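Computed from a predicted model, the values in this text were never measured in an experiment. Order of appearance sets the numbers: ligands from 1, and atoms from 1 within every ligand.
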Amino acid sequence: MAEERPILALGSAAFAISEYAAVLERYQIDTIPLAGLTNNAGVTKAVADAVATRTASGKSPYVAFIWFFGTGRFSPFDANMLLPLTQNGCRFFSGGGAGYDDVGTEWMTSEGAYYCNTPTAITASTANGALMLILAATRPLTQGEIYTKAGKWRGDAAIPGDLIPYGEDIEGMTLGIIGMGSIGKALAARAQACGMKLIYNNRRRIPQSEENGARYVSMDDLLATSDVISVNCPLTESTRHLLGRTEFSKMKTGVFIVNTARGAIIDEEALVEALKSGKVSRVGLDVVEHEPKINPGLLDPSLSYRVILQPHTTGRTTQAFHKGELQIIKSLDEFMRGERPEYAVNDPKI
Ligand SMILES: O=CC(=O)O
């Protein structure tokens, strides 16, 4: 017999199929189908309509709202979209993803509602993706692939600048990790196995037992001594444009930069300048500031092979999304049992 307190869901689980089928048995869930929804306004209206339909029929209101991975195009998930839910007693939200810069968590706290992310689901996939981009940036991977498919093999020695440049081995290079959360730590473990020297900067030093061979340094030290810089911190007001003109000027000439966190942590205008001046050798970006729009400077033909761009997919593996859906279900179950969910990122007064 399904629970009386209803839940609203945006779409459905796509990986934890059998586990979610059991959730649908356990609880009374109304699903907003994704078909036909393209943007925030569409979801905002669908949420308002779902709440209004419930209220009009005198049924008990939704206590929870969940959404899954692949719904980033609908963000922000904030007061504008979710107020009809909290006004009617909804006290739990959970969405797929580690980052929640596009979720109105402060507002949720003030409404007495939890927000639960999926904190460790994409750790391995994103750390693997960061290592993949470090390797792709330090070896001329993009150029090699384009040349090979175009029948140019390694290029034409008779044409100045046409030969593919040599790659660089990462063994012995210093990797500076900005942000030593679970992804930063997992990247450190992988990079250590590749023979890199590791330094990191974080809001504060983490316990040595979790540093995975990385040494805590100041941001200035990290900028000045890293051969490769990997951005792994969340986007907050204090990390927006954390790497800008001043920071690029402090870096080693020829540094490689990889960002698998959030685009806005890097000032893209400053990055383009640093690429053009040769300060930055190559960059591997899984994220850009105004996704999915790409800063035209990054697409400048003169930089083409030195800018490796991916469509925010490094975290996106079947294993990661499966784990994430299980984490959403775990949080929902905990909330429905009246517990504080382990993955709550906020501390509302309930
Ligand atoms: O970018 C992906 C995430 O934050 O989960």
Pair Gln327-Asn117, side-chain donor/acceptor within less than 3.5 Å | no
Is Glu334 salt-bridged to Lys330, cutoff N-O under 4.0 Å?
-> yes
In terms of heavy-atom contacts, does CZ of Arg154 have more than 12 from other residues, nucleotides or ligands at under 6.0 Å?
-> no
Would you indicate whether Arg205, at its atom CZ, is surrounded by more than 12 heavy atoms from other residues, nucleotides or ligands within a distance under 6.0 Å?
-> yes
Assign the ring pair Phe321 / Phe69 to parallel, tilted or perpendicular, where the plane angle (0 to 90°) is split at 30° and 60°.
-> parallel
Using a distance-only test with no angle check, is there a side-chain donor-acceptor pair under 3.5 angstrom linking Glu268 and His241?
-> no
Residues in contact with ligand 1, criterion: heavy atom under 4.0 Å = Gly97, Ala98, Gly99, Ile122, Arg262, His312
